[in-house]
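Before any comments, here is the structure.
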Amino acid sequence: MAVVQRRVGGIFGLFFLLLVLAAGRAFYLGGVHSAALRTAARSQQLTSETVPAQRGTITDRNGVDLAVSEPAEDISADPYLITDPLGAAQELAPLLGQTQASVLTKLSAHAGFVYLVRALPAKQARAVLALKIPGVDGAPVMRRVYPRDTLAAQVLGVVGTEGGGLEGLEYSRNAILRGRTGERRVVSDALGQPVSITDVHPEAPGASLSLTLDANIQQRTEDVLGAVGRVFAPKDATAIVMDPRSGAILAMASWPQANANDPGASPADTLENRAVSFNYEPGSTFKAVTVSGALQQGLITPSTGFNIPDQIQVADRTIHDDTEHAEETLTTAQILAQSSNVGAIEIGKLEGAESFNGWVHNFGFGARTGVDLPGEETGEALALSQYSGSSMGNLPIGQGELVTPIQMATAYSAIANGGILHPPHIVGAIDGRPQPEPAGRRVISEATAAELRKMLEGVLAPGGTASEVSIPGYRLAGKTGTASKIDQATGEYSQSAYVASFIGFAPASDPKLLCAVVVDEPQSGSIYGGTVAAPAFGQIMSFALPYLRISPE
């Protein structure tokens, strides 16, 4: 009996001891350590997640998507949690689109975090996460996609891995395109399944941009520049198509092309928008500016005759015409049509340096046009105080000043538009709200502009420097340019490096479309604006005029 009582007492004592220990543990957990446990529970059951904002869509004037965003995931790994790096690499590599060796290197890194891939499309990301490899995780992001690949890549630009614009409109309009990132609170159960989701800060999508670009004209322009590249092997080339009545840019292309979906596949400078950043000496296309000032002042008329020798001496410089000839008489119109250097200098001498300089700046040279694109250069137009004795021998023929393609296109738009210059623009609407068109200003009179347009028709007529270019049913007007480039090694004009250009518009009597083509250093076939750039102008306009339903004359 005594033995039984001792056993019962022992058992009772044991249970009592266990009860005391349990009570002590409960007190410790519920009292002393309760704050830490509550924090741990919240960290496991309550998490905050970032909700990426939808970046604004960019479309052309007809609603064609040029840049869109779609859901994606940044796939990362904690190499310390990867128990079988080789096996994981074998499974992940085909889904990530990478080599097994590349993935294995990342999974074997001595680090607690590595990116396996950034912005993996959602469908592929789901397949990766479905493998449920411990240590491999995904974070939701938005992926920028350019549906037309190379189309207008230099205008649109690109977006970096952190979601910010790096080039083009993506950069300059990043503040309105990027939207606002959101945050949400997720409560999960013991198994990690979400039971409650609360938006702390809702995400706000970015604003959409509707451009004045027309995707079809842009495509045609890029195709033509591609052909110029193949035939003449230039350093680069650019073209602008715009409506001179409003300054709206319908196409802006550069060659070589860049793929905005894979910018690293091409040299970095292929993303440069040379339509706004290329400084070059314009050559004979500048002669229209020289003639316009003299016409406006009543110093000449289209039929004013000039005795034109083969060469002319200005201070210490002798300037020749393009081809050797006996002294001849040319009218103002013929000087433009045949691009006589001597004739243009004679007209510039009638104006005088001060007046000529005023017209140069009045047309906007030496200043940005204000086009709503990043990276625009100013060119270089000398101040009157910087003129030398020989300046009026080279400036009137487009040597000694620097311009950009967009400056030249804008200046010619004033001639096409009855003397009123409209600053160029490319953003038509933001979030469906039309943007006000920049106000125009009068540069020359309507009568002077009409006389210039008539004379510029002669450039494409028999005997003109672009006589082989024509479009059935349309009268064309424009000007060729072939300018020597400065040899950086010698500081003198190069004998082998030229810029070939052409700027023109149609229909000549009532222009509704303008096109500028600038080809930098053509290497094969020809170097002249009339044979390199003018045909490209004709090919672009022969598509764009009927496409826009601009009636033949």
Side-chain angles (χ1 to χ4, degrees), residues 43-57 65 67-109 111-149 158-164 178-206 259-264:
S43 67
Q44 294 175 12
Q45 296 180 326
L46 180 64
T47 57
S48 292
E49 294 183 354
T50 297
V51 182
Q54 176 103 2
R55 192 172 179 85
T57 299
D65 286 340
V68 298
S69 289
E70 61 181 29
E73 298 257 357
D74 281 343
I75 304 298
S76 62
D78 182 347
Y80 294 132
L81 299 179
I82 304 296
T83 57
D84 181 12
L86 179 58
Q90 290 174 335
E91 290 187 277
L92 289 169
L95 298 177
L96 299 179
Q98 301 175 17
T99 64
Q100 182 178 315
S102 173
V103 177
L104 181 59
T105 298
K106 297 174 185 177
L107 296 180
S108 304
F113 180 89
V114 292
Y115 278 116
L116 298 180
V117 67
R118 304 295 297 271
L120 187 67
K123 183 177 180 180
Q124 292 173 255
R126 285 195 295 270
V128 169
L129 298 177
L131 297 175
K132 298 187 183 300
I133 299 174
V136 175
D137 200 4
V141 294
M142 298 303 295
R143 177 173 179 263
R144 199 59 161 170
V145 177
Y146 302 91
R148 304 287 289 269
D149 290 329
V158 294
V159 174
T161 55
E162 300 303 323
R178 67 185 177 193
R180 186 181 69 244
T181 300
E183 180 185 358
R184 65 187 179 189
R185 187 169 295 147
V186 181
V187 178
S188 302
D189 60 19
L191 298 177
Q193 299 300 315
V195 295
S196 174
I197 299 176
T198 305
D199 284 330
V200 179
H201 302 295
E203 63 92 17
N259 188 337
N261 286 316
D262 189 13

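Residue numbers count from 1 along this sequence.
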Can you see which heavy atom on Gly179 is nearest to which on Ala53, and at what distance? C-CB, 4.0 Å
Looking at every non-hydrogen atom in both residues, tell me the closest pair between Gly138 and Leu129 and how far apart they are. N-CD2, 3.8 Å
Looking at Asp84, Leu116, Val114, which one forms a side-chain contact (heavy atoms from CB on, under 4.5 Å) with Leu107? Leu116
Any donor-acceptor N/O pair, [X] side chain to [Y] backbone, under 3.5 Å:
{"X": "Gln100", "Y": "Gln90", "result": "no"}
{"X": "Asp137", "Y": "Ser76", "result": "no"}
{"X": "Asp65", "Y": "Ala67", "result": "no"}
{"X": "Gln54", "Y": "Ser69", "result": "yes"}
{"X": "Gln124", "Y": "Ala72", "result": "no"}

Sub-4.5 Å side-chain heavy-atom contact between [X] and [Y]:
{"X": "Arg143", "Y": "Arg118", "answer": "no"}
{"X": "Met142", "Y": "Arg55", "answer": "no"}
{"X": "Thr83", "Y": "Pro134", "answer": "no"}
{"X": "Asp74", "Y": "Leu120", "answer": "no"}
{"X": "Tyr146", "Y": "Val159", "answer": "yes"}

How many angstroms lie between [atom1] in [X] and [atom2] in [Y], if you round to the nearest 0.5 Å?
{"X": "Thr57", "Y": "Arg144", "atom1": "OG1", "atom2": "CZ", "result": "6.5 Å"}
{"X": "Asn259", "Y": "Asp149", "atom1": "CG", "atom2": "CG", "result": "4.5 Å"}
{"X": "Leu104", "Y": "Ile82", "atom1": "CG", "atom2": "CD1", "result": "11.0 Å"}
{"X": "Leu92", "Y": "Leu131", "atom1": "CG", "atom2": "CG", "result": "6.0 Å"}

Going through the checks in order, is the side-chain contact (heavy atoms from CB on, under 4.5 Å) test met by Glu73 and Val141? CA-CA 5 Å; Glu73 298 257 357; Val141 294; 5.6 Å; no
Report the C-alpha distance between Ile75 and Tyr115 in whole Å, list the side-chain angles of each, state the deciding distance to 0.1 Å, and finish with yes or no for side-chain contact (heavy atoms from CB on, under 4.5 Å). CA-CA 6 Å; Ile75 304 298; Tyr115 278 116; over 6 Å; no
Would you sort out whether Glu162 and Arg178 count as a salt bridge (Lys or Arg N to Asp or Glu O under 4.0 Å), showing the intermediate values? CA-CA 11 Å; Glu162 300 303 323; Arg178 67 185 177 193; over 6 Å; no
